[in-house]
Chemist: 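Have a look at this one.
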Amino acid sequence: MNEIFTARGSVLIAGVTIDGSTVDIALDETGTIAAIGKDARKTIDADIVIDGSDRIAVPGLVNTHTHAAMSLLRGYADDMILQDWLSQKIWPLEAHLTGDDVYAGTRLACLEMIKSGTVAFNDMYFFMDRAAAAVDEMGMRATFAYGFIDLGMEEKREAEIKATETLIAHIKSLNNPRIQAAVGPHSVYTVSPEALSWCGDFAKEQNIGIHVHLSETEKEVVDCVAQFGKRPAVLLDEYGCLTPRTVAAHCCWLDEAECRLLGERGVTASHNPASNMKLAVNRAMPYHWLKQYGANIALGTDGCSSNNNLDLMEEMKFAALLQKFAWNSPTLLPANEALTMATAAGARALGTGPGTLTVGAPADIVLLDTRAVCNTPLFHADSNAVYACNGSAVMTVLCQGRILMHEREVPGEEEIVREAGDAALSLADRAEESS
Ligand SMILES: CSC[C@H]1O[C@@H](n2cnc3c(O)ncnc32)[C@H](O)[C@@H]1O
Ligand SMILES: [Zn+2]
């Protein structure tokens, strides 16, 4: 293995481009940005030197909504409407998932995210202790929520409460600053009011975040109003589930008052444009209202079964294009805002630092290839990053100062891909046999 992956200590990224200027970035032994500037190399005696020529440095990307191990379900069921897709294909297959599957699927997801510039993600799924083990090995950051679904059944609710408590105790016991826990009520259509209330209280008691799907489809809103006499965001708020540490995924069908509510509560709205377009949810997240009312607006891919990849570079372009198209405004969501959604807003959502390249920030850094076709010509780096490039322009990735990928090499790639491929086939076979 290239010793750049095993060496530890201070790092110098020499002569890299940031905002059109050539600078050095010096990282200390704790993985913090110690200095940025023309002479930053003089501030440290670097143990590791990365040549930054022909590279643009941007902050590491943050994926604020995914189900990482669904990488195993990539291409398993496409071109369906959401409710049928979940109830006929996804949930029956997920019933056969094992902890080993989630470990293999999460490693594959981490590999894919690292290769496209993502350093941190917000995950909601099952067997999350195994997902956490995978993330620890891969060197990324993640926040894990057990996907809580009780469907109004008391017995199931008790089991989901236990599973949530067990996961959170486990994650806290790891005492790993890269790995955090959240409470994960799946949605207002799968979680009872009693359970939502428990989730809100428990998140507050544990001082952790909440990860929830919100207003993904019109049906969700119509059914919620019919059943509870209020819209989904209002219902979540009533049970204490809208907080500054809540990440609400999708938010497609929010009305203006709900956007104001999310802004007032300091909630993060995670925009998932590829998944929304593929599942044809028929309305784009109202970015303009959420921005107007001060919500934190970040970006997510959703799972690999509705995207079907985890490339947040691509997702920035989908976000900018979908917003312009849906709201008939070519000036909406310009490239620099798409980059902010994928970096600083995501980092704020998960509490992983400022999500900027600034002194004192965690060294979560991505180096893009200036020689790539997508960066030629290079009039505006933000424009190229959002509209022209995808994850293949990412050359080097650091998380907390540790080099996770260099010159597109990630240690263990072949084995990760092979094991995940085998796990996916075996999972599909087990589901097939039992049907
Ligand atoms: C209980 S863990 C998460 C749960 O959510 C399912 N899921 C994946 N994508 C979506 C989506 O777009 N909307 C709703 N639910 C989704 C996933 O398969 C798991 O069962
Ligand atoms: Zn989702």
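Whatever order the structure lists ligands and atoms in, that order sets their numbers, starting from 1.
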Chemist: Please list, in number order, the atoms of ligand 1 under 4.0 Å from a heavy atom of Trp91.
Modeler: 20 (O)

Chemist: Run the side-chain contact (heavy atoms from CB on, under 4.5 Å) check on Glu409 and Phe5 step by step: do they pass?
Modeler: CA-CA 10 Å; Glu409 181 189 350; Phe5 297 114; 3.8 Å; yes

Chemist: Which of the protein's N, O or S atoms come within less than 2.8 Å of the Zn ion (ligand 2), not counting waters?
Modeler: His65 NE2, His67 NE2, His213 NE2, Asp302 OD1

Chemist: Determine the sole option in Asp369, Thr396, Thr370, Thr17 for which the side-chain hydrogen bond (donor to acceptor under 3.5 Å, both in side chains) test with Arg55 is passed.
Modeler: Asp369

Chemist: Can you pull out the closest protein heavy atom to atom 13 (N) of ligand 1? Residue, atom name and distance to 0.1 Å, please.
Modeler: Glu216 OE1, 2.6 Å

Chemist: At what distance, to the nearest 0.5 angstrom, does CG of Asn384 lie from SG of Cys374?
Modeler: 6.5 Å

Chemist: Pick from His186, His65, His250: which one makes a ring pair (Phe, Tyr, Trp, His ring centres under 6.0 Å) with His211?
Modeler: His65

Chemist: Give the C-alpha distance, both sets of side-chain angles, the deciding distance and a yes or no for side-chain hydrogen bond (donor to acceptor under 3.5 Å, both in side chains) between Asn63 and Asn122.
Modeler: CA-CA 6 Å; Asn63 186 344; Asn122 197 27; over 6 Å; no

Chemist: List every atom of ligand 1 that sits less than 4.0 Å from any heavy atom of His250, numbering the atoms from 1 in the order shown and giving each element.
Modeler: 12 (O)

Chemist: Do Lys317 and Asp311 sit within salt-bridge range, that is, some charged N less than 4.0 Å from a carboxylate O?
Modeler: no

Chemist: Taking only heavy atoms of Gly147, which atoms of ligand 1 are found under 4.0 Å from at least one of them?
Modeler: 1 (C), 2 (S)

Chemist: Can you check which of Met128, His67, Glu94 brings a heavy atom nearest to atom 19 (C) of ligand 1?
Modeler: Glu94

Chemist: For Asn272, which part has a heavy atom under 4.0 Å from ligand 1: side chain, backbone, both, or neither?
Modeler: neither

Chemist: Does an N or O from Trp85, backbone or side chain, lie closer than 3.5 Å to an N or O of ligand 1?
Modeler: no

Chemist: Quick one: which ligand 1 atoms are inside 4.0 Å of a heavy atom on Leu86?
Modeler: 6 (C), 7 (N), 14 (C), 15 (N), 16 (C)

Chemist: Quick one: which ligand 1 atoms are inside 4.0 Å of a heavy atom on Tyr189?
Modeler: 14 (C)

Chemist: Looking at Ile90, which atoms of ligand 1 are within less than 4.0 Å of one of its heavy atoms?
Modeler: 18 (O)

Chemist: Can a salt bridge be assigned to the pair Lys230 and Glu238 using a cut-off of 4.0 Å between side-chain N and carboxylate O?
Modeler: yes

Chemist: Can you tell me if Leu82 has a non-hydrogen atom under 4.0 Å from ligand 1?
Modeler: yes

Chemist: What part of Tyr146 sits under 4.0 Å from ligand 1 if we count only heavy atoms: the side chain, the backbone, both or neither?
Modeler: neither

Chemist: Any atoms of ligand 1 less than 4.0 Å from a non-hydrogen atom of Asp302? List them with their elements.
Modeler: 9 (N), 11 (C), 12 (O)

Chemist: Would Tyr125 count as being in polar contact with ligand 1, using the rule that some N or O on each side must be under 3.5 angstrom apart?
Modeler: no

Chemist: Show your working on side-chain hydrogen bond (donor to acceptor under 3.5 Å, both in side chains) between His67 and Asp123 and close with a plain yes or no.
Modeler: CA-CA 5 Å; His67 314 282; Asp123 202 17; 5.4 Å; no

Chemist: Give me the nearest non-hydrogen protein atom to atom 4 (C) of ligand 1 as residue plus atom name, then the distance to 0.1 Å.
Modeler: His186 CD2, 3.6 Å

Chemist: Return yes if a side-chain donor-acceptor contact under 3.5 Å exists between Asp429 and Ser426, otherwise no.
Modeler: no

Chemist: Is any side-chain N of the basic residue among Arg74 and Glu112 closer than 4.0 Å to the acidic one's carboxylate O?
Modeler: yes

Chemist: When you check the gap from the basic side-chain N to the acidic O, do Lys278 and Asp78 get nearer than 4.0 Å?
Modeler: yes

Chemist: Can you tell whether the side chains of Asp84 and Lys89 come within less than 4.0 Å, N to carboxylate O?
Modeler: no

Chemist: Could you verify whether a donor N or O on one side chain and an acceptor N or O on the other, from Asn307 and Glu315, lie under 3.5 Å apart?
Modeler: yes

